There are 2 protein chains.
Amino acid sequence: MKNITTGENCGELQVALDIIVGKWKPIILFHLMENEKLRFSELQRAIPEITKKMLTSQLRELEYNDIVHRKVYQQVPPKVEYSMSPYGHGLKPLLVSMRSWGTEHLEHLEKLYGKDNEEQKEQI
Amino acid sequence: MKNITTGENCGELQVALDIIVGKWKPIILFHLMENEKLRFSELQRAIPEITKKMLTSQLRELEYNDIVHRKVYQQVPPKVEYSMSPYGHGLKPLLVSMRSWGTEHLEHLEKLYGKDNEEQKEQI
DNA sequence: ATACCTAGTTACTTTTAGGAAACCATTTGA
DNA sequence: TCAAATGGTTTCCTAAAAGTAACTAGGTAT
């Protein structure tokens with residue numbers, strides 16, 4: 001019988017994926033990468049379709065993973081600023097690579113299926 | 001008012017993510033990257049927890065995206081071999097980068113929270 | 001005749017992710 | 001006295017992803 005390798009350390013890829021999957025995490029990260037610091041409400045305005053709940057939860061997960069930093073000003077009304085943490089900046093090259101792979105992949109799919117590949121996609 | 005940038009082309013990162021998210025896609029991809037070609041049943045044995053349904057659906061999506069190739073032998077009982085497509089091999093560097101980032105990230109989390117960071121994680 | 005093999009499919013259930021809307025605390029300004 | 005502002009939380013609900021288990025085709029071995 002064939003000796004099949006283990007797909008080892010694939011859980012560690014999952015670790016990376018967990019950071020960036022979630023419907024809103026990539027867009028949040030790109031905003032923070034481009035803006036240095038943003039208040040909660042600025043993020044809300046920048047991503048109008050997101051709900052407070054989702055914005056909060058996604059930011060909390062990113063904060064737990066030390067990707068973003070949360071700075072609370074003790075004042076009323078509250079002021080909270082989010083920014084990429086020093087460590088979080090290390091994620092940037094990966095995000096950029098993924099985005100460019102995605103861009104090229106869209107072109108590849110277009111070559112394969114044509115511009116209107118939405119129907120085929122549905123059938124899967 | 002501050003001019004907030006758009007987080008542009010973030011949808012194209014999502015394109016890349018769509019390829020590799022899905023509970024089983026990373027491990028399937030690593031197996032195929034390491035083994036050149038595998039039958040359906042070999043993949044099943046290599047990933048014992050996966051169900052036929054999930055294995056089929058994940059492979060179909062990868063096939064649609066031209067990442068894996070599916071070769072059917074016209075015989076009974078059926079024989080189907082899966083392998084990375086030539087195009088699919090281009091995904092390898094990205095997957096490897098993600099995995100090493102994940103590896104380092106695990107170490108980073110350990111430094112932050114200690115080895116037993118599972119409880120904290122739960123609270124998020 | 002019957003059981004077994006592979007590579008699936010189908011119908012149904014459970015689990016998880018995400019969304020909607022209401023609520024909260026605290027201080028300033030009208 | 002009351003509304004507005006900010007950064008949330010909470011409860012409830014829906015939709016999507018994943019899991020379970022039974023079923024299929026069709027040729028081969030017993």
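By convention in this document, chain letters (A, B, ...) are assigned in the order of the sequence lines, proteins followed by strands, and residues within each chain are numbered from 1. Values reported hereafter were calculated over all heavy atoms of this structure, with side chains retained and with hydrogens, waters and symmetry mates removed. Bear in mind that the values here come from a model prediction, so they are computed numbers and not experimental data.
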field: K52(B) NZ - dA18(D) C1' separation (whole Å)
entry: 17 Å
- line: Which of dT9(D), dT6(D), dC5(C) is nearest the side chain of T56(A)? It is dT9(D)
query: Roughly how many Å is it from CD in E81(B) to P in dA7(C), rounded to a whole number?
result: 9 Å
task: Please determine if a side-chain N or O atom of Y82(B) lies less than 4.0 Å away from the OP1 or OP2 oxygen of dG8(C).
output: yes
query: Choosing from dA7(C), dG19(D), dG18(C), which nucleotide comes nearest the side chain of K79(B)?
result: dA7(C)
task: Check whether any side-chain nitrogen or oxygen of S41(B) sits under 4.0 Å from OP1 or OP2 of dA7(C), and answer yes or no.
output: yes
Polar side-chain atom of S85(A) near backbone of D66(A) as donor-acceptor pair, under 3.5 Å: yes
task: Round to a whole Å and report the spacing from CD1 of I47(B) to C1' of dA18(D).
output: 15 Å
task: Rounded to the nearest angstrom, tell me the gap between atom CD in E42(B) and atom P in dC5(C).
output: 16 Å
message: Hydrophobic clustering (ILVMFWY, side-chain heavy atoms < 4.5 Å, transitive) - are L43(A) and V72(A) grouped together?
response: yes
- request: Measure from CD on Q44(B) to P on dC5(C) and round the result to the nearest Å.
  value: 13 Å
- request: Keeping the roles fixed (side chain from E63(B), backbone from R60(B)), state whether a donor-acceptor pair exists under 3.5 Å.
  value: no
- prompt: What orientation do Y87(A) and H105(B) show, parallel under 30°, tilted 30 to 60°, or perpendicular over 60°?
  reply: parallel
- request: Report yes if a side-chain nitrogen or oxygen of R60(A) is closer than 4.0 Å to either non-bridging phosphate oxygen (OP1 or OP2) of dG7(D); otherwise report no.
  value: no
OP1 or OP2 of dG7(D) under 4.0 Å from side-chain N/O of R45(A): no
- prompt: Taking OP1 and OP2 of dG7(D), is either one under 4.0 Å from a side-chain nitrogen or oxygen of R70(A)?
  reply: no
message: From CE of M54(B) over to P of dT20(D), roughly how many Å is that when rounded to an integer?
response: 11 Å
- prompt: Is the phosphate of dT6(D), meaning OP1 or OP2, less than 4.0 Å from a side-chain N or O of R39(A)?
  reply: no
query: Starting at CD of Q74(A) and ending at P of dA25(C), how long is that distance when rounded to a whole Å?
result: 17 Å
statement: On DNA chain C, more 5' by nearest nucleotide between F40(B) and Q58(A) is F40(B)
query: Is it true that R70(A) and E81(A) make a salt bridge, defined as a side-chain N closer than 4.0 Å to a carboxylate O?
result: no
- request: Between K53(A) and K23(B), name the one whose nearest nucleotide on DNA chain D is closer to the 5' end.
  value: K53(A)
statement: Rounded to whole Å, the OH-P distance (Y73(B) to dA7(C)) equals 11 Å
message: Side chain of V76(B) only, heavy atoms from C-beta on: which candidate in dA5(D), dG27(D), dG18(C) is closest?
response: dG27(D)
